[in-house]
Amino acid sequence: MKRSDFPMLGYGVGLRRQHYSHVLEARPKVDWFEVISENFMVAGGRALEVLEGVRANYPIAMHGVSMSIGSTDPLSRSYLRQLRDLARRFEPAWISDHLCWTGVGGRNLHDLLPIPYTEEALRHVVARIRQVQDALERPILIENVSSYMAFADSTMTEWEFISAIAAEADCGILLDINNIFVSAFNHRFDANEYIDAMPAERIVQYHLAGHSDHGTYLLDSHDHPVREEVWALYERAARRLGEVSALVEWDDNIPEFAELAQTADRARAIFDATAPKHDSLGSRDADSSEKTEKTGKPALSADHRA
């Protein structure tokens with residue numbers, strides 16, 4: 001798996017309930033939407049009606065919070081079946097989830113909990129990602145989470161760990177720029193070193209978000225505008241890693257849609273000012289145009305500004 005296996009979606013925002021009506025009625029000029037998978041893994045109702053309307057006009061990606069890829073509990077086969085069925089229905093550009101665990105002993109703790117960076121954990125996660133990809137019949141992306149504690153038993157850095165997982169499981173990476181900044185502050189490592197160590201061919205998507213400053217630590221709260229320091233780190237990633245689909249996350253104190261769209265536009269402007277376009281994008285557009293003719297849904301790599 002490499003980045004060129006996925007479409008370049010552009011610069012989008014997370015689809016949130018507060019903006020459902022605006023998105024459906026106004027069709028704002030944004031390139032794509034990311035949806036929380038679990039919000040739509042239902043038998044019917046308003047949520048699926050909304051997603052049908054959104055998908056008719058925009059590319060989407062599905063982002064999960066409950067796969068618990070790092071847990072020692074068995075993977076939930078029913079969860080994976082529902083996720084696969086949702087993907088077959090709505091044809092997302094990709095499916096992603098977090099490099100973490102969310103529960104154990106059958107209990108969901110509803111949090112994204114860190115794992116130790118050891119060879120044993122590496123083998124465990126790689127095997128589980130392979131099982132997930134077999135069940136979903138497609139590669140997935142794994143996202144680095146923010147963390148507030150570290151394991152004494154870790155034998156490698158977070159960036160070494162996630163890079164090794166992506167290589168051995170043959171999956172992609174959703175690189176959360178804000179999470180890197182938050183964890184770098186909390187654990188006193190160099191965020192620039194993290195960015196510089198990333199395997200460019202595995203990076204398929206970025207997350208951009210705001211965080212809360214609690215003095216002695218930062219909290220990935222998704223309730224503030226993107227901080228200037230995070231924008232600077234994103235600019236470094238754009239220079240180092242090239243053009244990657246970027247997505248603005250905002251989950252609390254959610255502003256009007258226009259502010260989210262302006263944040264996505266800033267991500268676009270930063271890339272345009274710092275990094276060259278890839279010549280391969282033209283071939284992706286052609287492939288996606290063919291897909292649109294067959295499915296009647298928007299091309300996944302289409303620039304939705306027009």
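Going from atom CG of Leu175 over to atom CG of Leu208 covers 10.0 Å, rounded to the nearest 0.5 Å. For the atom pair CE (Met198) and CG (Leu241), the distance works out to 8.5 Å, reported to the nearest 0.5 Å. Leu141 contributes atom CG, which lies 11.0 Å from atom CZ of Arg202 (distance to the nearest 0.5 angstrom). Note that the CD1 atom of Ile69 and the CD1 atom of Ile165 stand 9.0 Å from one another [nearest 0.5 Å]. Note that the OG atom of Ser163 and the CD atom of Glu168 stand 11.0 Å from one another [nearest 0.5 Å]. The distance from the CG atom of Asn192 to the CG atom of Leu233 is 6.0 Å, given to the nearest 0.5 Å.
Between the side chain of Asp5 and the main chain of Lys2, a donor-acceptor pair closer than 3.5 Å is present. Proximity of a side-chain donor or acceptor of Asn179 to a complementary backbone N or O of Asn144 within less than 3.5 Å is detected. Looking only at distances, a side-chain donor or acceptor of Trp250 sits under 3.5 Å from a matching main-chain atom of Asp252. A donor-acceptor pair under 3.5 Å is formed between the side chain of Ser68 and the backbone N or O of Thr102. Here the side chain of Gln133 pairs a donor or acceptor atom with the backbone of Ile140 at under 3.5 angstrom.
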Show, in sequence, the C-alpha distance, side-chain angles and deciding distance for Glu229 and Arg236, and conclude whether the salt bridge (Lys or Arg N to Asp or Glu O under 4.0 Å) test is met. CA-CA 11 Å; Glu229 297 92 335; Arg236 187 182 188 94; over 6 Å; no
Derivation and outcome, side chain to side chain contact (heavy atoms under 4.5 Å, CB included), residues His124 and Arg128: CA-CA 6 Å; His124 176 70; Arg128 285 166 70 89; 3.2 Å; yes
Please report the C-alpha distance between Phe6 and Met1 in whole Å, then the side-chain angles of each, then the deciding distance to 0.1 Å, and finally whether the side chain to side chain contact (heavy atoms under 4.5 Å, CB included) criterion is met. CA-CA 9 Å; Phe6 296 88; Met1 186 241 93; 3.6 Å; yes
Between His63 and Gln205, is a side-chain hydrogen bond (donor to acceptor under 3.5 Å, both in side chains) present by the stated rule, with each step listed? CA-CA 11 Å; His63 185 55; Gln205 182 189 340; over 6 Å; no
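In Glu256, the CD atom is not crowded: 12 or fewer heavy atoms of neighbouring residues, nucleotides or ligands sit closer than 6.0 Å. Within a 6.0 Å radius of CD in Glu137, other residues, nucleotides and ligands contribute more than 12 heavy atoms.
Here Asp170 does not pair with Arg130 in a salt bridge; the nearest charged N to carboxylate O distance is not below 4.0 Å.
A donor-acceptor contact closer than 3.5 angstrom links the side chains of Asp223 and Ser212. Side-chain atoms of His187 and Glu158 form no donor-acceptor pair, as typed in the model, at a separation below 3.5 Å. Checking His207 against Glu34 by side-chain atom types alone, a donor-acceptor pair falls below 3.5 Å. Neither side chain, His211 nor Asp213, offers a donor N or O lying under 3.5 Å from an acceptor on the other.
Annotation: cation-pi geometry not satisfied between Arg16 and Tyr20 (NZ/CZ under 6.0 angstrom from ring centroid, within 45° of ring axis).
Using cut-offs of 30° and 60° for the angle between ring planes, the Trp32 and Trp94 rings count as perpendicular. The aromatic rings of Trp231 and Tyr234 sit perpendicular, their planes meeting at an angle over 60°, well past the 30° parallel limit.
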